[in-house]
Amino acid sequence: NEVMVWMNLIHLGLRSDRIPILFPVIGLEWQVGVGPESLSAGSFFDLPRLSEAIGHPVVDWQDVKRGRYNRPWDQPDRIPHDDDELLGCWSIVQTFDESKKPLDREGGPRFVHIDAQYTAVPPTVKLAGTGDGWHTSFDSLSHILSPAGRSQALALEPPLPTYGVRPLPPTARHPQPDHHLACFDCLYWVWEEVNWEWERNPSPTWDAVGTHLHFTQEADDIATFYLQKIFELAVDEDVPPSSSPPPQAVQISLTTCATSCRNPDDPQSCHTTLSEYAQHVQELRNELVRIHGSNSPSAQVKDVIMLSDEADPEWWAEVERMGWRQTRPYEEEISRDYGKR
């Protein structure tokens with residue numbers, strides 16, 4: 001999800017002629033347990049290569065603001081600090097959500113020592129025809145980032161609602177959204193013309209940004225090392241082997257499913273069965289044949305790699321019986337070297 005927000009942020013930067021600054025990923029305790037490291041965007045995406053490809057600068061937050069990047073996220077990171085800098089931001093969620101409050105970023109602004117004070121975006125940023133939800137358009141958000149659009153929004157009567165996580169002193173005025181450094185509480189649901197464009201082809205943000213995203217050499221080397229282990233290859237052998245088509249990967253986050261399950265007393269009732277995943281794997285293979293032709297290497301996929309946080313040994317035994325490969329044998333090693341420390 002964070003990577004999709006990054007792509008939307010970069011796309012908005014292209015549309016508004018602003019330089020996007022990518023915030024760090026903060027592993028949440030309910031997702032990955034206690035002690036995960038924060039990750040800067042540049043630690044696993046090649047941002048210089050991306051900037052060159054799209055002809056527009058893309059900056060890592062750690063290059064402009066101090067913070068404890070690439071280190072375990074401690075309790076002091078979750079609370080305000082005496083040296084937090086006041087920054088006026090726009091809130092999309094405050095305008096369209098029933099709570100009338102900005103999205104809680106799980107301490108994200110505080111992690112980078114920002115005291116975010118929000119002003120609700122005008123309702124006109126809503127993408128037409130999307131009904132309920134937080135759907136906005138790149139056009140409308142670009143407009144309020146322009147000098148004229150910002151002035152129009154801040155001159156509305158009655159004034160746009162404001163909100164601050166940390167109360168300001170009685171004599172302090174609520175800061176307006178900064179006109180140099182623009183910020184939003186949520187850029188996940190931003191579209192060009194219709195909602196859920198990610199699922200369409202062409203997809204404007206994917207085409208403009210996503211196709212130019214590449215992992216750093218370090219991230220690529222780590223992935224290659226473990227793929228060689230999974231496929232029982234020597235360190236000098238290619239992944240996949242030159243004689244084999246690329247594998248399919250299935251990633252299942254059961255922790256996320258459990259936290260959003262409508263029946264918390266029986267989280268298994270919200271899980272998709274492995275047979276259903278197998279069905280979707282076959283559907284994707286059929287789609288590859290349709291797109292590339294039956295003789296294309298892309299249509300000859302046979303191997304599947306399963307990645308999941310499932311702890312049930314029987315579940316993993318079933319994965320093995322299906323003939324799918326898995327990362328589970330290396331989880332402790334990966335966690336020790338690259339994860340929670």
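Only heavy atoms go into these numbers, but all of them, side chains included; no hydrogens, no water, no symmetry mates. Quantities reported herein were computed from a predicted structural model and do not represent experimental measurements.
Residue-environment remark: CD (E85) stays at or below the threshold of 12 foreign heavy atoms within 6.0 Å. Other residues, nucleotides and ligands contribute more than 12 heavy atoms inside 6.0 Å of the CD atom of E318. Summarising the local packing, CD of E332 is surrounded by 12 or fewer heavy atoms from other residues, nucleotides or ligands at distances under 6.0 Å. Atom CD of E237 has more than 12 heavy atoms from other residues, nucleotides or ligands within 6.0 Å. The local environment of CZ in R321 is crowded, with over 12 non-hydrogen atoms from other residues, nucleotides or ligands closer than 6.0 Å. Sparse packing is recorded around CG of D132, with 12 or fewer heavy atoms of other residues, nucleotides or ligands lying under 6.0 Å away. Within 6.0 Å of the CZ atom in R200, the count of heavy atoms belonging to other residues, nucleotides or ligands does not exceed 12. Remark: Y330 OH is packed, more than 12 non-hydrogen atoms of other residues, nucleotides or ligands lying under 6.0 Å away.
Using bins of under 30°, 30° to 60° and over 60° for the plane-to-plane angle, the ring pair W189/H135 lands in the perpendicular bin.
In terms of modelled atom types and a separation under 3.5 Å, the side chain of K100 and the main chain of T95 share a donor-acceptor contact. Looking at Q228, its side chain does come within 3.5 Å of a backbone N or O of V235 through a donor-acceptor pair. When atom types are taken as modelled, the side chain of R150 and the backbone of H143 share no donor-acceptor pair closer than 3.5 angstrom. Without hydrogens or angle criteria, S51 side chain to V58 main chain gives a donor-acceptor distance under 3.5 Å.
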Decide side chain to side chain donor-acceptor pair (under 3.5 Å) for E197 and N195; before the verdict, give the C-alpha distance in whole Å, the side-chain angles of both, and the deciding distance to 0.1 Å. CA-CA 5 Å; E197 287 170 337; N195 56 349; over 6 Å; no
For S91 and D185, what are the C-alpha separation, side-chain angles and deciding distance, and is it a side chain to side chain donor-acceptor pair (under 3.5 Å)? CA-CA 5 Å; S91 172; D185 60 342; 2.8 Å; yes
Would D97 and S99 count as a side chain to side chain donor-acceptor pair (under 3.5 Å) here? Give the steps. CA-CA 5 Å; D97 192 74; S99 70; 2.7 Å; yes
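Because its NZ or CZ atom is both nearer than 6.0 Å to the ring centre of F96 and within 45° of the ring axis, K126 counts as a cation-pi partner of that residue.
Between F138 and H11, the ring centre distance stays below 6.0 Å.
When hydrophobic clusters are built by joining Ile, Leu, Val, Met, Phe, Trp and Tyr residues whose side-chain heavy atoms come closer than 4.5 Å, directly or via intermediates, Y188 is grouped together with W134.
With respect to E310 and R328, no salt bridge is recorded, no charged nitrogen being found less than 4.0 Å from a carboxylate O.
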